[in-house]
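One structure is given here, and the rest of the page talks about it.
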Amino acid sequence: MLQEIIETLTKEELRHLKLFLNRTNSRGDRKDIKLVDLFRNAGEKANEDKFFRKLYPTGEKNAYYRLKNRLTEEIFKSLSALYFDESSDIQSLQLLGLARHFWRLGKHDIASSLLDRAERSAMKYQDFGLVELILTEHIRLRTAYPKEGVRPDALIARRMMNRKNIGLEQEVDDVLGVLSLRVKEAREEADIEMLLKNMKDTLDAYLTGDKLNGLHELRIRLFHSYHDLLERYGTDKARSKMLRQAYKAFSSEKIFTRERVALQVEMIRKIVQLLMVSEKADKALKYLEELKEILPYAGNHREEAEVFYYAMSFKALRSINPVKAGEIIQEASEQSVFRDDFEHQMLLQATQIRTSFSNGKLEAAQNGITTLRNDRSFKELEERDRLIIESADVLLRFAGNDTVYVKHFLPDTLKRIESREDLKRQAYLLTLINGFANDDPQPFSMKEWKALTGEEDFQTGDLLDYDAWILKYLPRK
């Protein structure tokens, strides 16, 4: 479980965790931080036997298990602290827990004040189930320990009103549950298409009617449910259209408050990614400009959103306005989010490497790769990123006829890349180069090449234009 938890951590969450772990003892040999880094760097190839031997050479297996358990708890505490002001459920539950603590201490007024705060926090995001729990606790407290000005009957009235909203939630949950099950059980494509249309019509009736007026969180839940089904069973075209319609509706109805900036960022990211897939870069740029406007309010999501903005802006502008694309990269290089983080610097360097390669400047591209590989932070990158850079190094060296370098470094890179499902394109090209390097050339198959799928190297796109490399530098033997 610990590995899965660590894999979910964003850079901001990881940075906060390390600060959190160092709050009492910042000595350099902390095993908990070392274990986090071991899991992060190993990725899918995490080998806990190796981790154990590295951290406890004398063989203290129980100590390793205690470390894992303690680290898991510390991660949960760190996330709770990080999102206390941004997540209503985390904040409300912590306030509820504190209220119970002070109740046990006999500090009933403090407990009552904390329960009021917890209720307001839960209501801000219309978490009616949590409001029910908090109000029930508050009613019990003030029934047992009455206080002038805090009447149980007023609390009971609020709970009765809240239960009406819970009833609406349950009604919507029932509808979503039935429709979702029918879609998942449908076997024919035509049936799935018809059921998705029925679901859309049903949700539209809820969203355009008066039942859910003011219940923004319930509307957002409907959006997420339909989007998730479209993502699994629908088409990218249908998902893109739905996302843009929902975004327009949420904007006009002022659902995108500062408290919901994370939702707005998430929707823009999905819309932009789908528009880029359908090669509608001009439309993607309009959403990216909206993303830039809300960056100051993005809180813990700012770093990730800012990197996305610059990376996707460059990618969108690269073909339609190369000059502007260059200006975007220059602007990005002046932002602290890129200056202070090697992984983000790598994205900027990757754009320059690709541009140099596309312009036929092999030496400049190779110098960019060398700069990345020689940086002391290179070894701290995730293995996938290191292998992408190393494979591009071999491709450029091969293009420059540096056969000595290729023969020396190719075998190790190829060995590590062959087993990865997410780097099949690089593995295919390195296998071909290996054949030429060992006087055993293998035939290139355009059909096989086009059939290889996988994510682009980085947010800014592939590190090299692999199709151009094949056309210009791959021998035809």
Side-chain angles (χ1 to χ4, degrees), residues 10 83-93 118-134 161-180 183 196 198-234 238-274 287 290-291 293-295 297-302 304-305 308:
T10 65
Y83 291 113
F84 182 82
D85 291 325
E86 288 194 26
S87 173
S88 67
D89 45 1
I90 288 177
Q91 186 180 85
S92 299
L93 286 168
E119 182 187 348
R120 287 196 300 272
S121 177
M123 279 300 297
K124 182 188 285 187
Y125 291 93
Q126 300 175 345
D127 192 336
F128 303 121
L130 193 49
V131 171
E132 169 78 11
L133 182 64
I134 294 164
M161 181 63 68
N162 184 66
R163 284 178 176 172
K164 292 180 181 179
N165 292 327
I166 290 177
L168 271 175
E169 277 190 326
Q170 292 172 341
E171 178 185 328
V172 170
D173 286 342
D174 290 345
V175 171
L176 288 175
V178 171
L179 290 174
S180 299
V183 171
L196 285 173
N198 289 344
M199 186 171 191
K200 180 180 183 303
D201 293 342
T202 303
L203 298 186
D204 283 346
Y206 272 107
L207 296 176
T208 57
D210 296 330
K211 263 189 174 183
L212 304 186
N213 276 349
L215 299 180
H216 297 328
E217 290 301 316
L218 200 45
R219 292 166 64 84
I220 292 168
R221 190 193 303 178
L222 287 169
F223 153 73
H224 280 303
S225 297
Y226 184 46
H227 173 268
D228 290 348
L229 283 173
L230 275 181
E231 190 171 34
R232 201 176 311 170
Y233 303 105
R239 191 158 67 97
S240 178
K241 182 179 179 181
M242 186 277 289
L243 276 164
R244 283 179 284 149
Q245 287 176 341
Y247 186 88
K248 183 177 179 180
F250 288 178
S251 296
S252 63
E253 295 171 32
K254 295 182 170 46
I255 290 177
F256 291 137
T257 60
R258 289 192 183 182
E259 289 79 13
R260 296 194 184 95
V261 70
L263 171 67
Q264 189 173 6
V265 169
E266 176 194 5
M267 291 182 72
I268 289 176
R269 287 180 62 120
K270 288 176 178 176
I271 290 169
V272 167
Q273 287 165 342
L274 287 167
Y287 286 97
E290 290 198 36
L291 177 60
E293 289 179 11
I294 62 173
L295 285 178
Y297 317 111
N300 291 324
H301 304 278
R302 172 162 185 164
E304 189 178 355
F308 180 84

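Remember, predicted model here, so these are calculated numbers, not experimental data. Positions are given from 1, in the same order as the sequence printed here.
In this structure, Ile268 CD1 and Phe308 CZ are separated by 9.0 Å, a value rounded to the nearest 0.5 Å. Taking CG of Asp173 as the reference point, atom CD of Glu169 lies at 6.5 Å (rounded to 0.5 Å). Leu230 contributes atom CG, which lies 11.5 Å from atom NZ of Lys241 (distance to the nearest 0.5 angstrom). To the nearest 0.5 Å, the span separating OG on Ser92 from CZ on Arg120 amounts to 10.5 Å. Here the CD-CE distance, from Glu217 to Met123, works out to 10.5 Å after rounding to the nearest 0.5 Å. Atom CD of Glu253 is separated from atom CZ of Arg219 by 4.0 Å, given to the nearest 0.5 angstrom.
The two residues Val265 and Ala305 make their nearest non-hydrogen contact at CG1-CB, 3.9 Å. The two residues Ala122 and Ile134 have their closest heavy-atom pair at CB-CD1, 4.1 Å. In this structure, Tyr297 and Val261 approach most closely via the heavy-atom pair O-CG1, 3.2 Å.
Considering only residues two or more places apart in sequence or on other chains, Glu304 meets the side chain to side chain contact (heavy atoms under 4.5 Å, CB included) condition with Thr10, Arg269. Residues satisfying the side chain to side chain donor-acceptor pair (under 3.5 Å) test with His227, not counting sequence neighbours, are Arg239. In this structure, Asp228 has no side chain to side chain donor-acceptor pair (under 3.5 Å) partners at least two apart in sequence or on a different chain. For the salt bridge (charged side-chain N to carboxylate O under 4.0 Å, His left out) test, residues two or more places apart in sequence or in another chain that qualify with Glu266 are Lys270. Listed by chain and number, the residues in a side chain to side chain contact (heavy atoms under 4.5 Å, CB included) with Arg232 are Lys184 (sequence neighbours excluded). Under the ring pair (Phe, Tyr, Trp, His ring centres under 6.0 Å) criterion, Tyr287 pairs with Tyr247, not counting sequence neighbours.
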Might you work through the side-chain contact (heavy atoms from CB on, under 4.5 Å) test for Ile220 and Arg260, ending with a clear yes or no?
CA-CA 10 Å; Ile220 292 168; Arg260 296 194 184 95; 3.6 Å; yes
Can you check side-chain contact (heavy atoms from CB on, under 4.5 Å) on Gln126 and Asn165, steps first, answer last?
CA-CA 9 Å; Gln126 300 175 345; Asn165 292 327; over 6 Å; no
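The backbone N or O of Val131 sits nowhere less than 3.5 Å from a side-chain atom of Glu119 that would complete a donor-acceptor pair. Within the 3.5 Å criterion, the main-chain N or O of Gln91 finds no donor-acceptor partner in the side chain of Ser121. Of the possible polar contacts, none joining the Arg244 side chain to the Ile271 backbone as a donor-acceptor pair under 3.5 Å is found. A donor-acceptor contact shorter than 3.5 Å links the side chain of Asn162 to the backbone of Phe128.
Contact check for His224 versus Leu263: side-chain heavy atoms found under the 4.5 Å cut-off. Contact check for Met267 versus Phe223: side-chain heavy atoms found under the 4.5 Å cut-off.
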